[in-house]
Amino acid sequence: MEKANPEPMCQIPSPSVIFIDGNAMRALKIAYDDFANSGKDVREFTITISEKTKENKNGSNEIFSVMFMGKLSPGKRGLGNANRVPGSVTYFISKRGMENY
């Protein structure tokens, strides 16, 4: 079960300004650095970041989930081969040690 964090990781005071929590930014950088090594062009992807609680055999772990999803081709809708670049990549970054797992 996922729990909502009482403090937002980002705030949008206007369409041209966004405030991002420092830990969320660190998680995004860790994911981006690994993604950049793949050689894919980040401009062809939409990035989503969220906070989650992941349950495992050792208890729960607070994580950031960072997803790079290929943008849709012009005039296409969301199924099949509608993306300009194939596939998406998701990173799970532990809040405890700020490491990818």
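Values reported hereafter were calculated over all heavy atoms of this structure, with side chains retained and with hydrogens, waters and symmetry mates removed.
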Contacts table for residues 23-36: side-chain donor-acceptor under 3.5 angstrom, sequence neighbours left out:
unit_1, atom_1, unit_2, atom_2, d
Lys29, NZ, Asp33, OD2, 2.6
Asp34, OD2, Tyr91, OH, 3.1

message: For the OG1 atom of Thr46 and the CE atom of Met67, what is their distance to the nearest 0.5 Å?
response: 11.0 Å
query: Which pair of heavy atoms, one from Glu51 and one from Lys95, lies closest together, and at what distance?
result: OE2-NZ, 2.7 Å
statement: CD1 of Ile47 to CE of Met69, rounded to nearest 0.5 Å, is 10.5 Å
message: Ignoring hydrogens, what is the shortest heavy-atom contact between Phe92 and Ser65? Give both atom names and the distance.
response: CE2-OG, 3.8 Å
